[in-house]
Amino acid sequence: MPCQRTAWIGCDRQRTPPFHWREIKSRVLMTPLALSPPRSTPEPDLSSIPQDAATVPSLAAPQALTVCLYINKQANAGPYLERKKVQQLPEHFGPERPSAVLQQAVQACIDCAHQQKLVFSLVKQGYGGEMVSVSASFDGKQHLRSLPVVNSIGYVLRFLAKLCRSLLCDDLFSHQPFPRGCSASEKVQEKEEGRMES
């Protein structure tokens with residue numbers, strides 16, 4: 001009996017009946033190994049391991065990217081921001097999603113402004129995706145502006161650096177904490193006051 005290669009497999013020369021592929025497949029699936037329950041790897045003993053996300057990453061829930069933005073309260077506030085209001089800001093914004101931190105920082109600049117309208121006009125409008133808004137009150141109305149979608153601390157810092165350059169108040173924000181104490185301009189001022197007293 002000649003073997004037909006296209007339709008049948010398993011023919012041999014001893015006149016055994018040819019097997020159809022489906023029959024062979026079902027016979028393979030019915031082997032004792034296939035019917036036995038799947039072997040499982042025993043779970044490791046985790047009782048002696050601290051159960052926090054820093055030491056057991058496989059047990060930690062996936063976290064969204066969060067950033068923290070620090071405020072330099074000793075920075076030059078420039079002509080557009082009130083120094084007293086800047087000094088009343090929190091030490092940092094976050095840790096939160098980058099878009100939330102950007103929104104808080106831009107809103108803080110608007111809230112610390114001598115004239116909210118001017119600072120508000122410098123804020124770049126964002127489009128599409130996840131949107132957060134900032135607001136300002138001027139001309140007897142509440143105005144809203146959407147901020148661009150951000151997904152990294154780098155973008156947050158670049159956006160704020162451009163805004164701060166426009167406001168003439170560089171070094172207002174950083175991704176690292178600022179040292180506490182007097183700024184260089186305050187130290188010079190204190191020395192001058194000391195000379196005047198003596």
Side-chain angles (χ1 to χ4, degrees), residues 52-54 60-196:
D52 67 348
Q63 298 289 322
L65 173 68
T66 59
V67 298
C68 195
L69 186 69
Y70 295 89
I71 299 145
N72 184 0
K73 295 181 178 189
Q74 307 308 320
N76 177 10
Y80 303 108
L81 302 180
E82 290 185 41
R83 182 170 184 73
K84 194 176 200 178
K85 289 183 179 179
V86 169
Q87 290 176 340
Q88 293 173 352
L89 292 174
E91 296 295 318
H92 59 83
F93 297 120
E96 298 225 21
R97 294 179 342 272
S99 55
V101 169
L102 178 64
Q103 186 262 345
Q104 292 170 5
V106 173
Q107 188 65 57
C109 288
I110 293 169
D111 294 343
C112 291
H114 291 290
Q115 295 179 6
Q116 287 191 357
K117 182 177 185 176
L118 179 73
V119 176
F120 188 78
S121 69
L122 296 173
V123 175
K124 178 183 170 187
Q125 176 77 34
Y127 301 98
E130 175 191 357
M131 300 303 278
V132 292
S133 298
V134 292
S135 63
S137 296
F138 55 88
D139 298 337
K141 297 179 186 174
Q142 185 78 9
H143 301 269
L144 291 176
R145 177 148 301 156
S146 297
L147 295 178
V149 175
V150 296
N151 57 9
S152 72
I153 186 67
Y155 189 94
V156 170
L157 292 171
R158 285 190 302 274
F159 184 96
L160 292 173
K162 289 178 184 176
L163 178 62
C164 288
R165 272 194 301 275
S166 300
L167 295 172
L168 304 175
C169 62
D170 293 339
D171 301 324
L172 185 59
F173 299 106
S174 175
H175 67 289
Q176 296 180 351
F178 290 97
R180 293 182 183 205
C182 298
S183 67
S185 61
E186 286 180 328
K187 287 179 183 177
V188 169
Q189 186 179 4
E190 286 175 3
K191 284 182 183 179
E192 287 176 1
E193 289 173 359
R195 286 184 205 157
M196 294 171 80

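- Closest approach of Leu172 to Cys164, counting heavy atoms only: CB-SG, 4.0 Å.
- A distance of 11.5 Å separates CD of Gln116 from SG of Cys109, quoted to the nearest 0.5 Å.
- Heavy atoms from other residues, nucleotides or ligands lying under 6.0 Å from CG of Asp170 number more than 12.
- Summarising the geometry of Tyr155 relative to Val149, their closest heavy-atom pair is CE2-O, 4.3 Å, with the distance given to 0.1 Å.
- Pro148 and Leu102 get closest at one heavy-atom pair: O-CD2, 4.3 Å.
- The distance from the CG atom of Leu81 to the SG atom of Cys169 is 4.5 Å, given to the nearest 0.5 Å.
- A distance of 11.0 Å separates CG of Leu160 from CZ of Arg165, quoted to the nearest 0.5 Å.
- Contact of the Arg83 side chain with the Gln88 side chain is not registered, since no non-hydrogen atoms from C-beta on lie closer than 4.5 Å.
- Side-chain atoms of Leu167 and Val119, non-hydrogen and from C-beta on, do get closer than 4.5 Å to each other.
- Within the model, atoms CZ of Arg145 and CG of Leu122 stand 9.5 Å from one another, a figure rounded to the nearest 0.5 Å.
- Side chains of Gln103 and Ser133 form no contact here, defined as non-hydrogen atoms less than 4.5 Å apart.
- The residues Asp111 and Lys85 are annotated as not salt-bridged, no charged nitrogen and carboxylate oxygen being separated by less than 4.0 angstrom.
- With values rounded to the nearest 0.5 angstrom, Phe138 atom CZ is found 9.0 Å from Ile110 atom CD1.
- Contact annotation: the side chain of Lys117 approaches that of Asp139 to within less than 4.5 Å [non-hydrogen atoms, C-beta and beyond].
- Of all heavy-atom pairs spanning Leu168 and Tyr80, the tightest one is CD1-CE1, 4.1 Å.
- Within the 4.5 Å cutoff, the side chain of Lys162 has no heavy atoms near those of the Lys124 side chain.
- Under the 30°/60° scheme for interplanar angles, the aromatic rings of His143 and Phe120 are found to be tilted.
- A heavy-atom distance below 4.5 Å is found between the side chains of Phe159 and Val106.
- Across all their heavy atoms, Asn151 and Pro98 have their closest contact at C-CG, 3.8 Å.
- The CD1 atom of Ile71 sits 14.0 Å away from the CG atom of Asp171 when rounded to the nearest 0.5 Å.
- You'll find the side chain of Asn72 stays beyond 4.5 Å of the side chain of Val86, heavy atoms only.
- Here the shortest heavy-atom pairing between His175 and Leu157 reads ND1-CD1, 3.5 Å.
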Might you work through the side chain to side chain donor-acceptor pair (under 3.5 Å) test for Gln142 and Ser137, ending with a clear yes or no?
CA-CA 5 Å; Gln142 185 78 9; Ser137 296; 2.5 Å; yes
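- Distance alone, capped at 3.5 Å, is enough to place a donor-acceptor pair between the Gln107 side chain and the Ser135 backbone.
- Applying the 6.0 Å contact sphere to CD of Glu82 captures more than 12 heavy atoms from other residues, nucleotides or ligands.
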